[in-house]
Amino acid sequence: MVVVAVDFTHEIIGRDYMVQSLLDGIPATEHLRTYPRSAWPAYYRKLGEIARRVHDVRGPAFGPITGPAYGRWSEAVAASLEDIATDVEGIGLDASDVRKVIVAAHHHQAVLDEIAEPRMLAGDLWLPNTQLDQHAPEPVITGVYDFDRTWWGDPAADWTIRMATAKPDERIAFWYTYGRLRQSEDAAWRQKIYEARHLGAIRLERHRLGNVEGVSASYGSMADILATVG
């Protein structure tokens, strides 16, 4: 997919807009379910390949692709959490739990800074942002899109990894092609900080969609994280 034009000035029409080239295929959220579940692992194997290619790209610094750039991973993580807390407060919700995670991130910055090499993170690469071949006998990804949340950091912090580990179902095939994550006590702690960041973003999205129960549930999930990150 190629971005043809972008305009945020509102000079032509009264809103932001972006024009992209046409991406072949059918949204995976619609088409994957037309295959028997026994065929779904083929989809996740290919997604693992794509995610590995993305995560193998090395970056110049930590943080969003468009900046600001940070020399240390702990700085980028704390700044990202600060942005989420500000957004949560901006819609009238309590962000005190997110701010406690920021304190934990600062306190344990050495653990975060074990990640010394920035890698590309897609930000939102999962089922809703992939297209499938309409006629293939098994799920074949024809393209991926929606990279507005792309940043440089630890691949384990990517939304793709979060979703790949969420359930022990067909998505286990993702790891056949992606490879294994590093396992250590520090890596497990970092994963909790990353989950807190995801939960903050989920809270914002659920509020946007009017999911009151989902917003409330995010506080309980965040409390579980805070009980373990110290």
Side-chain angles (χ1 to χ4, degrees), residues 1-8 16-60 62-67 76 80 84 117-181 191 194-195 197-199 201-202 204-206 208-209:
M1 179 179 291
V2 177
V3 176
V4 178
V6 177
D7 182 33
F8 302 133
D16 299 341
Y17 71 87
M18 178 169 60
V19 179
Q20 298 175 305
S21 59
L22 180 65
L23 185 64
D24 289 336
I26 297 177
T29 48
E30 300 175 14
H31 198 44
L32 185 61
R33 69 187 68 176
T34 67
Y35 293 96
R37 290 195 71 133
S38 60
W40 291 10
Y43 168 83
Y44 290 107
R45 284 195 298 271
K46 186 59 179 178
L47 193 64
E49 291 180 15
I50 294 170
R52 170 48 62 195
R53 290 176 63 185
V54 172
H55 291 166
D56 281 347
V57 178
R58 292 170 171 82
F62 295 105
I65 294 291
T66 56
S80 175
I84 290 172
E117 183 177 53
R119 298 295 187 98
M120 180 178 286
L121 314 187
D124 203 11
L125 176 59
W126 196 244
L127 192 68
N129 292 325
T130 58
Q131 297 277 99
L132 296 182
D133 187 318
Q134 183 176 3
H135 304 293
E138 67 175 17
V140 174
I141 297 176
T142 58
V144 300
Y145 53 95
D146 199 2
F147 285 89
D148 61 299
R149 300 180 185 181
T150 304
W151 60 321
W152 301 109
D154 178 5
D158 209 352
W159 177 252
T160 315
I161 300 303
R162 195 259 188 184
M163 295 304 294
T165 57
K167 294 180 181 179
D169 55 16
E170 293 84 3
R171 68 189 74 191
I172 195 172
F174 175 92
W175 304 105
Y176 300 162
T177 51
Y178 181 84
R180 295 188 177 277
L181 295 176
Q191 208 64 51
Y194 302 157
E195 177 62 11
R197 181 180 177 275
H198 293 315
L199 286 171
I202 288 170
L204 290 166
E205 182 68 4
R206 288 174 176 173
R208 184 182 70 83
L209 297 173

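Index from 1, following the sequence.
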- Message: Looking at Ala122, is its backbone amide N or carbonyl O close enough to the side chain of Asp158 to form a donor-acceptor pair, meaning the two atoms are under 3.5 Å apart?
- Response: yes

- Message: According to side-chain contact (heavy atoms from CB on, under 4.5 Å), who are the partners of Glu49, at least two apart in sequence or on a separate chain?
- Response: Lys46, Thr177

- List for me each residue that meets ring-ring contact (aromatic ring centres under 6.0 Å, His included) alongside Phe147, sequence neighbours excluded, and say none if there are none. none

- Item | Heavy-atom donor-acceptor pair, Glu170 side chain to Tyr44 backbone, under 3.5 Å | no

- With sequence neighbours excluded, tell me which residues meet side-chain contact (heavy atoms from CB on, under 4.5 Å) with Asp124. Asn129, Asp146, Arg149, Trp159

- Step by step, would you call Thr150 with Met120 a side-chain contact (heavy atoms from CB on, under 4.5 Å)? CA-CA 7 Å; Thr150 304; Met120 180 178 286; 3.9 Å; yes

- Work out which heavy atom in Ala166 is nearest to a heavy atom in Arg171; give both atom names and the distance. CB-NH1, 3.7 Å

- What distance do Ile50 atom CD1 and Thr130 atom OG1 have between them, rounded to the nearest 0.5 Å? 7.5 Å

- What residues form a ring-ring contact (aromatic ring centres under 6.0 Å, His included) with Tyr43, not counting sequence neighbours? none

- Item | Interatomic spacing from CD in Glu195 to CZ in Arg162 - rounded to 0.5 Å | 4.0 Å

- Message: Using the rule given for side-chain contact (heavy atoms from CB on, under 4.5 Å), can you reason through Thr34 versus His31, listing the C-alpha separation, both sets of side-chain angles and the distance that settles it, and then say yes or no?
- Response: CA-CA 5 Å; Thr34 67; His31 198 44; 3.3 Å; yes

- What do you reckon, is CZ of Arg52 surrounded by more than 12 foreign heavy atoms closer than 6.0 Å? yes

- Item | Donor-acceptor contact present, side-chain Trp40 to main-chain Tyr35, <3.5 Å | yes

- Item | Any donor-acceptor pair under 3.5 Å from His55 side chain to Asp154 backbone | no

- How far does OG1 of Thr160 sit from CG of Leu125, to the nearest 0.5 angstrom? 4.0 Å

- Item | Atom pair CH2/CD1 of Trp126 and Ile161 - distance to nearest 0.5 Å | 8.5 Å

- For Pro128 and Tyr145, which heavy atoms make the closest approach, and how far apart are they? O-OH, 3.0 Å

- Over all heavy atoms of both residues, which pair between Pro118 and Trp152 is shortest? Give the atoms and the distance, please. CB-CB, 3.9 Å

- Query: Between CG of Asp56 and CZ of Arg58, what distance do you get to the nearest 0.5 Å?
  - Reply: 7.0 Å

- Taking the six-membered ring for Trp, are Tyr178 and Phe174 parallel (under 30°), tilted (30 to 60°) or perpendicular (over 60°)? parallel

- Ile26 and Glu30: which non-hydrogen atoms are nearest, and at how many Å? CG2-OE1, 3.8 Å

- Message: I need the minimum non-hydrogen distance between Arg197 and Ile84, along with the two atoms involved.
- Response: O-CD1, 3.5 Å

- Query: Which residues pass the side-chain contact (heavy atoms from CB on, under 4.5 Å) test with Pro168, sequence neighbours left out?
  - Reply: none

- Just jot down the side-chain contact (heavy atoms from CB on, under 4.5 Å) partners of Tyr176, sequence neighbours excluded, or say none. Arg45, Ile172, Ala173

- Query: Do you know which of Thr29, Leu32, Val140, Leu127 makes side chain to side chain contact (heavy atoms under 4.5 Å, CB included) with Leu132?
  - Reply: Leu32

